[in-house]
Amino acid sequence: DTTALPGIAYTYSLRCNSRFGLTFPVTDTGWRGLSAPLGFAASDNLTDMVSMAWANTSGATGYQITRTGGSGTTTFNSVANLYLDTTAEVGVTYTYSVKATCALGSSAASATNTGIRVAGFRMAGAPGVAGAAGTSGAGASGGRNADGAPGTDDAGAADDDSYGRFGPRTWLVDGIKLETGLFVMGARDRLVVALRDPASAADASMLVVTGDASLAGELVVAFDGYEPKAGDRWTIVLAARLDGDFRTVHVPALPEGLRLEAVPMGATFEVRVVSSQE
């Protein structure tokens, strides 16, 4: 019966026709299953929730969302093809999927998608300011590898005068930066990121860059009013369409016996405080 609608119970009867007439009917019920939801996607750029949406499923009267990650597996219910997970913890990457439901049962699960709730941030541009306050050291290395080893500060490279009378800019970032639009750093610009104590901060992330970004200039890392200890770590996420690289990375001085290292993990890498003996 290809004309049956999904999610509706039908009663069918069958009688045999013979030369003596019709037999008594035998009956049974049947229903056409729901299709797994399509187009399921979870957000990774909101500060107060993880938002999910998907296409409506024919015959569905509701949906069941499954979340794995963090403290375990959790399920949520929604009557619409949208759900806002406000219980997601900041900085934790969750894996989500959704099933369509009706009174008769549920569909197979949709394709999974990951989502993350990011920390809020405060960013202020300071046109015409050369350099940045708040750095607690000045080791330098080329590229993005903030390994704490002395390197070459190539401040003598050709400057970018594209900003004309505005001069170089210093971007001051509080905790985490989330960029979903076009973000352009000139060769004379400087991005300052303050690392918080992972044990007490709401988010352990350091910097997130998504969308269209052109990275030049300098990245300055500083500690935000606490003494770092071995085991502290932050995550840097560089995703989507990126062009260029930080010309110089300045890392802060560490107490004796400690050092910073950067561990690449694809488009993500961790900055860690480790013992100098490791």
Side-chain angles (χ1 to χ4, degrees), residues 1-14 25-123 175-182 201-205 208-212 235 237-241 266-268:
D1 180 8
T2 59
T3 65
L5 299 176
I8 297 178
Y10 295 91
T11 300
Y12 296 89
S13 64
L14 173 68
V26 292
T27 62
D28 196 16
T29 58
W31 69 288
R32 179 179 171 185
L34 303 176
S35 300
L38 299 175
F40 179 71
S43 67
D44 56 8
N45 60 353
L46 300 179
T47 60
D48 52 351
M49 69 185 75
V50 175
S51 174
M52 287 153 277
W54 55 91
N56 273 316
T57 298
S58 177
T61 57
Y63 298 92
Q64 184 182 74
I65 300 96
T66 299
R67 183 187 77 187
T68 58
S71 58
T73 300
T74 309
T75 58
F76 310 98
N77 295 308
S78 175
V79 296
N81 59 329
L82 172 72
Y83 186 75
L84 307 178
D85 182 8
T86 57
T87 65
E89 296 183 16
V90 171
V92 177
T93 299
Y94 296 96
T95 299
Y96 295 91
S97 64
V98 63
K99 294 180 179 180
T101 62
C102 66
L104 301 171
S106 61
S107 71
S110 68
T112 60
N113 193 244
T114 58
I116 184 171
R117 176 181 175 182
V118 299
F121 70 93
R122 181 175 69 249
M123 181 172 178
I176 181 174
K177 176 181 181 299
L178 175 70
E179 180 60 49
T180 57
L182 180 63
D203 181 79
S205 293
V208 174
V209 179
T210 63
D212 293 319
T235 301
V237 180
L238 300 171
R241 296 170 297 278
T268 301

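Remember, predicted model here, so these are calculated numbers, not experimental data.
The shortest heavy-atom contact between Ala88 and Val50 is CB-CG2, 3.9 Å. Nearest approach of Gly59 to Cys102, heavy atoms of both residues: O-CB, 3.8 Å. Smallest separation of non-hydrogen atoms from Ser51 and Leu82: OG-CD1, 4.0 Å. Of all heavy-atom pairs spanning Gly115 and Ala42, the tightest one is CA-CB, 4.0 Å. The shortest heavy-atom contact between Leu104 and Gly7 is CD1-O, 3.6 Å.
The distance from the OG1 atom of Thr29 to the CD1 atom of Ile8 is 13.5 Å, given to the nearest 0.5 Å. To the nearest 0.5 Å, atom OG1 of residue Thr95 and atom CZ of residue Arg67 are 11.0 Å apart. Of the inter-residue distances, the one linking Thr87 atom OG1 with Arg117 atom CZ reads 8.5 Å to the nearest 0.5 angstrom. Remark: Met49 CE to Tyr83 OH distance equals 10.5 Å, nearest 0.5 Å. How far CD1 of Ile116 is from CG of Asp44: 7.5 Å, rounded to the nearest 0.5 Å.
A donor-acceptor pair under 3.5 Å is formed between the side chain of Ser110 and the backbone N or O of Val98. For Asn113 (side chain) and Phe40 (main-chain N/O), no donor-acceptor pair under 3.5 Å exists by modelled atom type. Panel note: side chain Thr101, backbone Gly62; a donor-acceptor pair is recorded below 3.5 Å.
Test Ser106, Ser58, Ser107 against Leu34 for side-chain contact (heavy atoms from CB on, under 4.5 Å) and you get one pass: Ser107.
The shortest distance between side-chain heavy atoms of Ile65 and Met52 falls below 4.5 Å. Counting heavy atoms from C-beta on, the side chains of Tyr10 and Leu5 come closer than 4.5 Å. Contact annotation: the side chain of Thr74 never approaches that of Tyr94 to less than 4.5 Å [non-hydrogen atoms, C-beta and beyond].
Using cut-offs of 30° and 60° for the angle between ring planes, the Tyr63 and Trp54 rings count as perpendicular.
There is a side-chain donor-acceptor pair under 3.5 Å between Asp85 and Tyr96.
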